[in-house]
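The chain is numbered in sequence order, starting from 1. Computed from a prediction, not measured in an experiment: that's the story for all the values here.
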Amino acid sequence: MKAKMKLVNLLMLLMVSISIFSCSDGEDGTDGIDGVDGIDGVNGVDGADGEQGDTGTANVIYSNWVNTELDGDTSSFDIEVNTIDSDILDFGTILVYSRRVDPFTSIPYIYQLPIVFGANRQQSYYFGATEGNLRITVVSTEEGGSAGDGSFLEQYRYIIIPGGVEASNGIGGISGKSSNSKSYQDYTSMSYEEITTLFNIDK
């Protein structure tokens, strides 16, 4: 009986061993083939540079002709100009012109301020600019003389060129140009005709 039990136990042990050693993991599958990289797109052609544009005029500010307020008792008068701000005073150009009409020929004569008249007129005209304002002033060129003894220039207009130009607050006025205005384009050396043509301004 014992021999029979030993045989049974031996057979069971043998079956368990076979079962353990006969079970194994399946083989790993074959790796898939990598996909083909797509073709890079062709770079677009750079566009051609545009041509240099003409001088811009959209930001140039100018007035109509303003009648003088100078008389025998008044040596200066103000013209309100709201567009004169700190940027205009620091970096812009302010041009002021005066006009008189010859009573005999009706021909208009235009002068850029400042201007000095000798002979019979004996007057000096200049202007000063502050934020929001232009002041036109006339003084006598004769010591002790009165600027009101003669007739006055009849009309005035301003042309303001903003930005890109360094100028002192006294540009065109009695204090002259700033010494550090190395990038200053000297519009003051141009004639009235040249300025109005350059910026397409009605005369």
Side-chain angles (χ1 to χ4, degrees), residues 55-85 88-89 91-163 165 167-178 181 184-203:
T55 303
T57 60
N59 295 325
V60 174
I61 304 157
Y62 56 93
S63 70
N64 294 320
W65 290 101
V66 178
N67 291 331
T68 185
E69 295 180 19
L70 300 172
D71 56 32
D73 299 319
T74 304
S75 60
S76 66
F77 72 98
D78 293 333
I79 301 174
E80 182 178 354
V81 189
N82 294 328
T83 50
I84 298 179
D85 56 18
I88 293 295
L89 293 174
F91 304 111
T93 301
I94 302 173
L95 303 173
V96 177
Y97 299 92
S98 59
R99 181 171 73 173
R100 71 178 180 87
V101 178
D102 188 294
F104 302 103
T105 64
S106 297
I107 296 174
Y109 292 90
I110 297 174
Y111 311 94
Q112 181 177 315
L113 271 57
I115 187 167
V116 177
F117 294 99
N120 295 330
R121 185 173 290 272
Q122 295 295 329
Q123 293 173 329
S124 295
Y125 291 82
Y126 63 93
F127 75 92
T130 56
E131 289 195 33
N133 191 76
L134 280 177
R135 172 164 291 184
I136 309 298
T137 301
V138 59
V139 296
S140 174
T141 54
E142 289 185 317
E143 185 176 355
S146 171
D149 291 343
S151 61
F152 296 95
L153 297 177
E154 300 161 359
Q155 294 182 316
Y156 302 85
R157 83 180 306 190
Y158 57 81
I159 297 174
I160 299 172
I161 307 165
V165 179
S168 70
N169 291 3
I171 181 64
I174 202 163
S175 60
K177 292 193 281 286
S178 169
S181 57
Y184 174 76
Q185 182 173 351
D186 195 4
Y187 293 116
T188 60
S189 67
M190 299 173 66
S191 70
Y192 179 73
E193 290 291 329
E194 289 172 331
I195 288 291
T196 53
T197 300
L198 177 63
F199 294 108
N200 194 28
I201 297 172
D202 293 337
K203 296 178 176 62

Listed once per pair and sorted, the salt bridge (charged side-chain N to carboxylate O under 4.0 Å, His left out) pairs that draw on residues 127-139, sequence neighbours left out
D78-R135
Do the non-hydrogen side-chain atoms of I136 and F127 ever get within less than 4.5 Å of each other?
yes
Backbone N/O of S76 and side chain of T137: donor-acceptor pair under 3.5 Å:
no
By salt bridge (Lys or Arg N to Asp or Glu O under 4.0 Å), which residues pair with D85, not counting sequence neighbours?
none
Here the pair of heavy atoms bringing I115 nearest to Q112 is CB-O, 3.7 Å
Please name all residues satisfying side chain to side chain contact (heavy atoms under 4.5 Å, CB included) with T68, sequence neighbours left out, ordered by chain then number.
L70, F77, Y156
Here the salt bridge (charged side-chain N to carboxylate O under 4.0 Å, His left out) pairs for residues 105-118, sequence neighbours left out, are none
T130 meets the side chain to side chain contact (heavy atoms under 4.5 Å, CB included) criterion, sequence neighbours left out, with N133
Would you list the pairs meeting salt bridge (charged side-chain N to carboxylate O under 4.0 Å, His left out) in which at least one residue belongs to residues 102-118, sequence neighbours left out?
none
Nearest-0.5 Å distance, OG1 of residue T83 to CD1 of residue I160:
4.0 Å
Partner set under side-chain hydrogen bond (donor to acceptor under 3.5 Å, both in side chains) for N67, not counting sequence neighbours
Q155
Considering residues at least two apart in sequence or located in another chain, which fulfil the side chain to side chain contact (heavy atoms under 4.5 Å, CB included) criterion with N64?
none
Any idea which heavy atoms bring R99 and P108 closest together, and the distance?
CD-CB, 4.0 Å
Minimum-distance pair of heavy atoms, taken over all atoms of R157 and I201
NH2-CG2, 3.9 Å
Gap separating the OG1 atom of T188 from the CD1 atom of I195, nearest 0.5 angstrom:
8.5 Å
Per the side-chain contact (heavy atoms from CB on, under 4.5 Å) rule, which among V116, V138, V96 passes with Y125?
V138
Any chance you could measure S189, atom OG, to E194, atom CD, to the nearest 0.5 Å?
7.5 Å
When rounded to the nearest 0.5 Å, the distance separating CG of N82 from CD1 of I61 is 10.5 Å
Once side chain to side chain contact (heavy atoms under 4.5 Å, CB included) is applied, do any residues pair with T197, and if so which ones, sequence neighbours excluded?
K203
Going through the checks in order, is the side chain to side chain contact (heavy atoms under 4.5 Å, CB included) test met by V139 and Y126?
CA-CA 9 Å; V139 296; Y126 63 93; 4.3 Å; yes
Rounding to 0.5 Å, atoms CG (N200) and OH (Y62) come to a distance of 7.5 Å
Y192: partners by ring-ring contact (aromatic ring centres under 6.0 Å, His included), with sequence neighbours left out:
Y97
Once rounded to the nearest 0.5 Å, what's the spacing between atom CG of L198 and atom CD1 of I161?
7.5 Å
A129 to L134 - nearest heavy-atom pair and separation
CB-CD2, 3.8 Å
For the student: nearest non-hydrogen atoms of S98 and W65, plus distance:
C-CZ3, 3.9 Å
Can you list the residues that meet the ring-ring contact (aromatic ring centres under 6.0 Å, His included) rule with Y111, with sequence neighbours excluded?
F117
